[in-house]
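Scroll down for the structure; my scribbles are underneath it.
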Protein chains: 2
Amino acid sequence: MRRQIPEVVVSRLPTYLRALALLKSEGIEFISSRGLGARLRMTPAQIRKDLSFFGKFGRQGRGYSVSRLHRELQQILGLDKTWQMALVGVGRLGRAILDYKGFAPEGFKIVAAFENDPNLIGKKVSGVLIEDIAKLETSLKDKKVDIAIVAVPSSDAQVVIDKLVKSGIKAVLNYAPICVRVSRGVRLQGIDPVLALQGMTFYLARG
Amino acid sequence: MRRQIPEVVVSRLPTYLRALALLKSEGIEFISSRGLGARLRMTPAQIRKDLSFFGKFGRQGRGYSVSRLHRELQQILGLDKTWQMALVGVGRLGRAILDYKGFAPEGFKIVAAFENDPNLIGKKVSGVLIEDIAKLETSLKDKKVDIAIVAVPSSDAQVVIDKLVKSGIKAVLNYAPICVRVSRGVRLQGIDPVLALQGMTFYLARG
DNA sequence: CCTTGTGAACGCATTCACAGCA
DNA sequence: TGCTGTGAATGCGTTCACAAGG
């Protein structure tokens, strides 16, 4: 169990967690690193090494208790609480995000939404009141928001993210297709289908 | 210029391309590896090394011609053609994808859409005719589709992807939040906001 | 036989540092 | 002076291989 855990290790934990949830729903009680590795297309050694950063969760000869490891990973990833999120930008994409049913079961809740279009402010979408973006800072603090989702046009994204950071937000999920700059200490994850596609065409183009 | 290029290098090229497009739009004609690195928060050495896998594009004392490097990267990534895509699953998410305006300008075109809901089959959404998923294989070949986008419920995703692969598809952009298994030789990219969020909560939970 | 956990070995990606050139 | 391109060095992540336990 080391002090500083490599980012690449952390980035794999959510996929482990998801695989374990599936195993649980299949009624499987124990899984070996080899079995998990086969499902995830990874080497057993990597899984064991990754987990060893956080403790000893397995039993020789048996493998890992699915429910135990699931619980441990949830706790390690900080998923044993509900995270409050705010959405900025309630256009077409923003509405799809508000509608998305996949967040809540994983403990992510959208509790606020912001727009600058006066026609939308004051309305409710998917049960969330749309507020004026001018009230961003106060409202974020009132509602104890942890994470912001940015779904504004690319041209506005940097300004919006700067505002969010100034308001004390420490994690941003950005849907705008731009290279954003963020101060150290703030986590930023991009969701960008075009980048994903461009990463595949390289290989498609050469057979 | 090596034969086998590391995946991690390829994965960075799209971000370089995007930064160059921005520089171009700003009217900047030359950029050094240091200047580009400052924008992307990367070391100049990494950028130079990455590019050196593909050729010599810079000029000593000046840096890189923005438009030249942009063109070269487009070509390297296979983006000097239009890629034909098919969407499977025209639910809420699928419709948002059909509506998305970001694909076309980058050379990605959705030319077909498939559903199993009879109420949708035969209708047009965002100019694309929705076909019966039973006609997947023939239609994909007729329309010379290169890439498939999967936006079906998680429970159907593996079956759909197997069908796509059997139909000869070599690249899949998957929006379903599951661990998919794909045969070697097929590229798979996942778009999964929950995984992205879970990767951030680890750090949020420890200050 | 089956497992895990782990130090050591390995291999690959990043960074350094400098020759070569404008 | 500025910069690129690149071999060499470094550092880090993955894999190996085995002791220990069931």
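To find a chain, count down the sequence lines: A is the first, B the second, and so on, and within it residues start at 1.
We find that CE of B:Met42 is positioned 12 Å from C1' of C:dA13, with the value rounded to whole Å. The distance between atom NZ of B:Lys56 and atom C1' of D:dG7, rounded to the nearest whole Å, is 13 Å. Rounded to an integer number of Å, the gap from NZ of A:Lys49 to P of C:dT6 is 8 Å. Protein atom CG of B:Asp50 is 14 Å distant from nucleotide atom C1' of C:dC12, rounded to whole Å. Distance, A:Leu51 CG to C:dT6 P: 11 Å, rounded to whole Å. Atom pair B:Arg34:CZ and D:dG2:P shows a separation of 8 Å (rounding to whole Å applied). The CD-P distance, from B:Gln46 to D:dA9, rounds to 21 Å in whole Å. Rounded to whole Å, the distance from CD1 on B:Ile5 to C1' on C:dC12 is 15 Å.
Within 6.0 Å of the CZ atom in A:Arg34, the count of heavy atoms belonging to other residues, nucleotides or ligands does not exceed 12. Taking a 6.0 Å sphere around NZ of A:Lys135, one finds it holds 12 or fewer heavy atoms contributed by other residues, nucleotides or ligands. Around the NZ atom of A:Lys143, the shell of radius 6.0 Å holds more than 12 heavy atoms that belong to other residues, nucleotides or ligands.
Where A:Arg12 and B:Ser33 meet DNA chain D, the nucleotide closest to each residue was compared, and B:Ser33 sits on the side nearer the 5' end. Of the two residues contacting DNA chain D, namely A:Arg48 and A:Gly61, the nearest-nucleotide position lying further toward the 5' end is that of A:Arg48.
Of the candidates D:dG13, C:dT6, C:dA17, the closest approach to any side-chain atom of A:Val8 belongs to D:dG13. With C:dT15, C:dG5, D:dT6 as the candidates, the nucleotide lying closest to the side chain of A:Tyr64 is C:dG5. Looking at the side chain of A:Ala45, the nearest of the listed nucleotides D:dT4, D:dC16, C:dA13 is D:dC16. Among the nucleotides D:dG21, C:dG5, C:dT15, the one closest to any side-chain atom of A:Gln60 is D:dG21.
The side chain of A:Thr43 places no N or O atom within less than 4.0 Å of a non-bridging phosphate oxygen (OP1 or OP2) of D:dT14.
Contact annotation: side chain of A:Arg62 to base of D:dG22, donor-acceptor pair absent below 3.5 Å.
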Requested in this report: Evaluate salt bridge (charged side-chain N to carboxylate O under 4.0 Å, His left out) for A:Arg59 paired with A:Glu29, printing each intermediate quantity in order.
Outcome: CA-CA 13 Å; A:Arg59 275 166 58 180; A:Glu29 290 184 7; over 6 Å; no
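In this model, a donor atom of one side chain and an acceptor atom of the other lie less than 3.5 Å apart for B:Gln158 and B:Asp162.
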